[in-house]
Amino acid sequence: MALIVQKYGGTSVGSIERIEAVAEKVIASKNQGHKVVVVVSAMSGETNRLMGLANEVQGQVAHGRELDVLLSTGEQVTIALLAMALQRRNCAAISTTGAQLNIRTDNKFNKARIQNIDAGLLHRSLDAGKVVVVAGFQGVDDEGNITTLGRGGSDTTAVAVAAAIKADECQIYTDVNGVYTTDPRVEPNARRLDSVTFEEMLEMASLGSKVLQIRAVEFAGKYDVPLRVLSTFSEGPGTLITLEDESMEDPLVSGIAFNRDEAQLTVKGVPDRPGVAAHILGPIADKNIEVDMIVQNVGSDGTTDFTFTVHRNDYERGMEVLENTVVELGGGEVGGDPHIVKLSLVGVGMRSHAGIASRMFTALAQEKINIRMISTSEIKISVVVDEKYLELGVRVLHEAFELDQEK
Ligand code: ADP
Ligand code: ASP
Ligand code: MG
């Protein structure tokens with residue numbers, strides 16, 4: 001007998017028929033003798049729909065306490081329906097919201113972090129023979145306010161619950177049958193990976209692969225939760241997220257991630273003197289705008305150009321901040337482009353191999369894809385290119401590094 005946490009994403013619970021099918025899957029696991037906790041997302045499209053309503057009322061990108069009260073309702077619908085579907089099949093089940101389960105988070109609305117989960121509550125229901133159906137993506141802060149965990153947060157709920165009850169495995173059921181070399185919706189030749197290391201998965205998630213929320217991977221690594229990504233709709237082993245295995249021959253490049261959510265901001269012709277970077281980025285940070293890539297050109301004629309990327313939602317606000325900054329700096333011209341994307345190669349094997357970057361740049365150049373910015377770390381190389389080159393760029397790199405072939 002094993003203790004298993006299963007998480008079903010939005011598509012997997014996107015209709016009554018699908019919720020019924022999930023109930024059947026859960027019962028099959030239970031009949032194998034396992035104790036099962038199920039974490040569910042809202043029905044597909046529901047969180048976006050709720051966001052849209054909030055944007056209309058707030059007249060901007062919605063945020064704050066009331067947004068979380070609203071967004072958390074999506075998951076409240078699916079836990080109740082799944083618990084009903086289980087009960088109707090004579091399977092004892094109980095639904096619980098994040099607050100009811102006392103999933104304690106900090107008080108950062110819309111992107112709260114889980115701090116503690118009361119495992120006792122879960123164990124009591126499990127020991128009574130029930131399937132516990134937990135609402136993903138939400139918790140409660142010390143003052144009793146409902147919080148949500150950021151988009152994709154149900155993955156993190158599942159891993160945190162698995163860590164709290166020391167589950168034998170956390171299974172993330174979704175609409176693809178594992179983690180691929182890149183998003184199979186963009187590159188049909190993408191290949192499923194049998195396993196991927198935590199480190200690589202962390203990079204992929206942080207560079208834009210939405211198959212797992214980054215915090216879920218962080219949590220799983222920190223608390224040693226065996227994590228597997230599988231398909232709701234077909235059988236198969238899926239992808240296991242593993243610790244790095246010394247005996248494995250590391251592929252140079254394991255995957256390609258991309259991020260469509262970034263925008264580029266530029267200040268041209270600012271006075272080239274010490275402190276200018278701090279002067280530009282200080283006011284940006286004061287507005288809680290996160291900065292990703294940064295490039296400052298070598299100065300000439302006493303001036304320099306400074307470029308960085310932010311989340312696309314922060315583009316307009318970032319521009320406003322920069323307009324003020326150039327006035328204070330006594331020179332410079334503000335520009336920007338929200339139509340950019342970041343493409344990244346990820347692989348632990350990159351550590352020991354030079355030449356990957358030049359292979360990457362050559363492949364992009366052959367397709368006349370202009371690179372606007374570059375950044376590297378031990379196990380990744382990222383480039384910023386025009387949005388229109390996203391699909392082409394991914395396919396070209398996938399081919400250049402022969403990712404469709406088993407290594
Ligand atoms: P869920 O609603 O089940 O949480 P998501 O849409 O959040 O599902 O995540 C699954 C999607 O992630 C897939 O449909 C796929 O398009 C996308 N994806 C992006 N990168 C990858 C990758 N490397 N491997 C597999 N899927 C990926
Ligand atoms: N429903 C939430 C979202 O769409 C959480 C999740 O599905 O993981 O972001
Ligand atoms: Mg998801």
Side-chain angles (χ1 to χ4, degrees), residues 1-44 46-47 71-104 114 117-140 146 148-149 153-175 216 225 227-228 230-233 235:
M1 191 188 79
L3 185 52
I4 295 174
V5 175
Q6 297 184 336
K7 179 253 167 177
Y8 292 91
T11 316
S12 310
V13 293
S15 66
I16 295 300
E17 293 70 36
R18 288 191 171 169
I19 290 175
E20 308 262 12
V22 166
E24 298 286 348
K25 270 181 91 84
V26 171
I27 289 171
S29 294
K30 190 139 190 286
N31 287 345
Q32 286 171 11
H34 303 319
K35 283 185 179 175
V36 189
V37 176
V38 186
V39 174
V40 285
S41 291
M43 288 174 150
S44 54
E46 179 63 5
T47 309
L71 293 186
S72 64
T73 61
E75 273 72 10
Q76 192 166 338
V77 170
T78 46
I79 53 169
L81 292 173
L82 179 58
M84 288 176 195
L86 288 165
Q87 288 163 1
R88 180 143 177 243
R89 288 166 174 76
N90 294 321
C91 172
I94 181 167
S95 70
T96 168
T97 65
Q100 285 174 318
L101 191 58
N102 202 5
I103 297 185
R104 209 47 89 86
I114 296 179
I117 292 183
D118 190 344
L121 285 170
L122 283 163
H123 280 303
R124 274 196 291 286
S125 294
L126 289 169
D127 290 345
K130 291 179 185 163
V131 171
V132 190
V133 185
V134 179
F137 176 55
Q138 56 183 265
V140 61
I146 292 174
T148 65
L149 310 179
S154 299
D155 298 333
T156 303
T157 304
V159 175
V161 163
I165 61 174
K166 301 197 168 53
D168 295 294
E169 190 163 283
C170 181
Q171 303 173 338
I172 306 289
Y173 284 95
T174 183
D175 54 8
V225 178
L227 185 60
R228 194 183 287 277
L230 310 120
S231 165
T232 307
F233 308 109
E235 296 294 316

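Reckoned from all heavy atoms, side chains included, excluding hydrogens, waters and symmetry mates. Values in this document were obtained by computation on a predicted structure and should not be read as measured data.
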Sole residue of V5, V37, V40 in side-chain contact (heavy atoms from CB on, under 4.5 Å) with V134: V37

Side chain to side chain contact (heavy atoms under 4.5 Å, CB included) between Y8 and V26, worked out: CA-CA 10 Å; Y8 292 91; V26 171; 4.1 Å; yes

Side chain to side chain donor-acceptor pair (under 3.5 Å) involving S95 - partner list, sequence neighbours excluded: none

Pairwise distance CD1(I146) to OG1(T73) - rounded to 0.5 angstrom: 9.0 Å

Closest approach of V132 to S125 (non-hydrogen atoms, all atoms of both residues): CG2-CB, 3.6 Å

Exercise: identify the closest heavy-atom pair between T156 and A216: OG1-N, 3.2 Å

Heavy-atom pair of closest approach, residues S41 and T78: O-OG1, 2.8 Å

Flag, side chain of E75 to backbone of A42, donor-acceptor distance under 3.5 Å: yes

Minimal non-hydrogen separation, F233 against T11, with atom names: CZ-O, 4.0 Å

Under the salt bridge (charged side-chain N to carboxylate O under 4.0 Å, His left out) test, residues paired with D175 that sit two or more places apart: R185

Separation of L71 CG from L149 CG (nearest 0.5 Å): 11.0 Å

Residues forming a side chain to side chain donor-acceptor pair (under 3.5 Å) with T157, sequence neighbours excluded: none

Flag, side chain of K30 to backbone of G129, donor-acceptor distance under 3.5 Å: yes

Nearest-0.5 Å distance that lies between atom CD1 in I165 and atom CG in D118: 12.0 Å

Distance-minimising heavy-atom pair for A135 and I79: N-CG2, 3.3 Å

Polar side-chain atom of E46 near backbone of M43 as donor-acceptor pair, under 3.5 Å: no

Salt bridge (charged side-chain N to carboxylate O under 4.0 Å, His left out) against R104, all qualifying residues, sequence neighbours excluded: D142

NZ on K7 to CG on D155, rounded to 0.5 Å: 4.0 Å

Test side chain to side chain donor-acceptor pair (under 3.5 Å) applied to R88 - qualifying residues, sequence neighbours left out: none

Rounded distance [0.5 Å steps], CD in Q6 versus CD in E169: 9.5 Å

Sidechain-backbone polar pair: D168 side chain, L3 backbone, donor-acceptor under 3.5 Å: yes

Pairs meeting criterion side-chain hydrogen bond (donor to acceptor under 3.5 Å, both in side chains) with involvement of residues 126-138, two or more places apart: K35-D127

OG-CG distance between S12 and L82, expressed to the nearest 0.5 angstrom: 11.5 Å

Pairwise side-chain contact, C91 with V131, heavy-atom cut-off 4.5 Å (strictly under): yes

Contact summary for T232 and K25, nearest pair of heavy atoms: O-NZ, 3.5 Å

